[in-house]
Amino acid sequence: MARKRAERQRLMERVAAEVFAERGYERASLEDIAARLDMRGASLYHYYPSKEDLFLAAVQNATAEVVARLREVASSGGPAVDRLRRLFVSQALVELRDYPSFAPLFLMHLPDPVLDARVRELSREHAAVFRDLAAEVAAETGRGSGDARIATYLAMGSLAYLRRWYDPSGNLTAEELADHVAASLVRLL
């Protein structure tokens with residue numbers, strides 16, 4: 001029973017992320033999200049007391065999953081630059097294939113300062129995985145850590161917008177594009 005409820009909430013959070021990404025935080029409503037789930041708006045209140053709570057749950061849970069995945073890649077074996085390339089691939093696949101509606105949530109204006117502060121905190125937690133590995137790359141290559149950090153932030157910024165221009169019906173699969181993009185981004189370092 002608890003597993004079924006958790007699966008249902010996960011679906012609700014994914015659908016909510018899609019609606020928030022499409023309409024923006026302020027224009028999205030629980031009724032919009034419920035309609036896409038083919039349920040009544042009041043039914044969502046059984047799971048989430050407010051739009052803010054649903055938004056925050058979606059962002060926090062997705063961030064926890066993504067950060068765990070990225071940390072696993074960052075701590076895998078091999079030279080730091082190879083792990084960073086794999087990290088870029090993984091992040092590109094997060095953006096394009098696995099969590100395409102979540103990146104826009106981190107880029108949108110949030111009118112609630114408490115909600116905005118929490119999203120920025122989650123964003124810093126995500127960025128720390130990249131920043132820490134960039135410091136390892138800098139140490140291994142003898143490059144300044146400040147340069148590596150800036151290059152990594154530039155890379156993360158470009159990854160955040162992959163979804164805006166990637167055409168899944170084009171010549172490259174998400175996996176192929178992720179490999180190409182990661183190879184290009186590693187060259188920044």
Side-chain angles (χ1 to χ4, degrees), residues 6-39 44 47-48 51-74 84-110 115-116 118-131 133 152-186:
E7 289 172 4
R8 180 82 172 143
Q9 285 179 284
R10 178 126 167 84
L11 173 63
M12 290 177 197
E13 292 167 8
R14 281 195 175 262
V15 169
E18 291 171 6
V19 173
F20 286 124
E22 291 167 10
R23 298 188 180 163
Y25 178 81
E26 292 181 31
R27 291 191 323 267
S29 70
L30 287 180
E31 290 74 26
D32 297 331
I33 296 163
R36 191 154 309 167
L37 288 162
D38 198 26
M39 59 192 291
L44 273 177
Y47 295 91
Y48 304 97
K51 177 171 92 167
E52 294 82 8
D53 289 318
L54 177 53
F55 181 88
L56 191 56
V59 171
Q60 288 181 149
N61 291 332
T63 300
E65 291 173 18
V66 168
V67 167
R69 172 177 163 176
L70 296 176
R71 283 184 178 142
E72 186 176 317
V73 172
L84 186 60
R85 187 195 56 73
R86 291 192 308 267
L87 195 64
F88 288 150
V89 167
S90 187
Q91 182 63 35
L93 292 175
V94 162
E95 304 284 343
L96 296 173
R97 184 189 68 198
D98 303 331
Y99 297 87
S101 297
F102 285 94
L105 306 184
F106 288 90
L107 302 172
M108 68 177 51
H109 168 73
L110 298 170
L115 194 58
D116 186 58
R118 180 64 179 137
V119 170
R120 282 187 281 124
E121 180 183 320
L122 292 168
S123 184
R124 284 190 298 274
E125 179 183 345
H126 175 264
V129 179
F130 289 88
R131 189 179 56 247
L133 191 49
T152 301
Y153 286 141
L154 287 170
M156 289 176 62
S158 68
L159 288 168
Y161 284 93
L162 278 179
R163 183 177 167 265
R164 300 280 255 168
W165 58 264
Y166 173 62
D167 179 7
S169 64
N171 295 334
L172 296 175
T173 66
E175 293 78 7
E176 291 168 334
L177 179 64
D179 284 335
H180 285 292
V181 167
S184 296
L185 293 175
V186 166

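Source: prediction; values computed, not measured.
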Test side chain to side chain donor-acceptor pair (under 3.5 Å) applied to [X] - qualifying residues, sequence neighbours left out:
X   : value
Q91 : E95, H126
E26 : none
R69 : S90, D98

- Item | Chi angles and distances behind the side-chain contact (heavy atoms from CB on, under 4.5 Å) call for V119, F55 | CA-CA 10 Å; V119 170; F55 181 88; 3.8 Å; yes
- Query: Between Y25 and K51, is there a cation-pi geometry (under 6.0 Å to ring centre, at most 45° from the normal)?
  - Reply: yes
- Kindly compute the distance separating CG (L110) from CG (L105), expressed to the nearest 0.5 Å.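 Spacing of CG (L110) from CG (L105) equals 8.5 Å.
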- Between atom CE of M156 and atom CG of L87, what is the distance when rounded to the nearest 0.5 Å?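 Interatomic distance, M156 CE to L87 CG, rounded to 0.5 Å: 8.5 Å.
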If you look only at distance, which donor and acceptor atoms sit under 3.5 Å apart when one is on a side chain in residues 60-68 and the other is two or more places apart or in another chain?
unit_1: Q60; atom_1: OE1; unit_2: R118; atom_2: NE; d: 2.7
unit_1: Q60; atom_1: OE1; unit_2: R118; atom_2: NH2; d: 3.2
unit_1: N61; atom_1: ND2; unit_2: E13; atom_2: OE1; d: 3.0
unit_1: N61; atom_1: ND2; unit_2: E13; atom_2: OE2; d: 3.0
unit_1: N61; atom_1: ND2; unit_2: A57; atom_2: O; d: 3.2
unit_1: T63; atom_1: OG1; unit_2: V59; atom_2: O; d: 2.7
unit_1: E65; atom_1: OE1; unit_2: R10; atom_2: NH1; d: 3.3
unit_1: E65; atom_1: OE1; unit_2: R10; atom_2: NH2; d: 2.9
unit_1: E65; atom_1: OE1; unit_2: Y99; atom_2: OH; d: 2.3
unit_1: E65; atom_1: OE2; unit_2: R10; atom_2: NH1; d: 3.3

- Query: Does the R27 side chain pair with the main chain of R23, one donor and one acceptor, at a distance under 3.5 Å?
  - Reply: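 Yes: the side chain of R27 pairs with the backbone of R23.
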- Main-chain N/O of L96 paired to Y166 side chain as donor or acceptor, under 3.5 Å: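 Pair absent, no side-chain N/O of Y166 close to backbone of L96.
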Non-hydrogen atoms of [X] and [Y] that approach each other most closely:
X    : Y    : result
G24  : M108 : CA-CE, 4.1 Å
L44  : L30  : CD1-O, 3.3 Å
A28  : V19  : CB-CG1, 3.8 Å
L37  : M12  : CD1-CG, 3.7 Å
L172 : H180 : CD1-CD2, 4.0 Å
A21  : S101 : CB-O, 3.6 Å

- Query: Does anything in residues 159-184 pair up under salt bridge (Lys or Arg N to Asp or Glu O under 4.0 Å), and if so which pairs, sequence neighbours excluded?
  - Reply: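 Non-adjacent pairs meeting salt bridge (Lys or Arg N to Asp or Glu O under 4.0 Å): R97-E175.
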- Query: Among L93, V181, V186, which one satisfies side chain to side chain contact (heavy atoms under 4.5 Å, CB included) with F88?
  - Reply: V186
- Check the pair V73, L133 against side-chain contact (heavy atoms from CB on, under 4.5 Å), reporting the backbone distance first and the verdict last. CA-CA 10 Å; V73 172; L133 191 49; over 6 Å; no
- Message: Could you walk me through whether V94 and F102 satisfy the side-chain contact (heavy atoms from CB on, under 4.5 Å) test, starting with their C-alpha distance in whole Å, then the side-chain angles of each, then the deciding distance to 0.1 Å, before giving a yes or no?
- Response: CA-CA 9 Å; V94 162; F102 285 94; over 6 Å; no
- Task: Would you please test R36 and D32 for salt bridge (charged side-chain N to carboxylate O under 4.0 Å, His left out) and show each step?
- Result: CA-CA 6 Å; R36 191 154 309 167; D32 297 331; over 6 Å; no
- Residue pairs meeting side chain to side chain donor-acceptor pair (under 3.5 Å), one or both in residues 153-162, sequence neighbours left out, come to R131-Y153
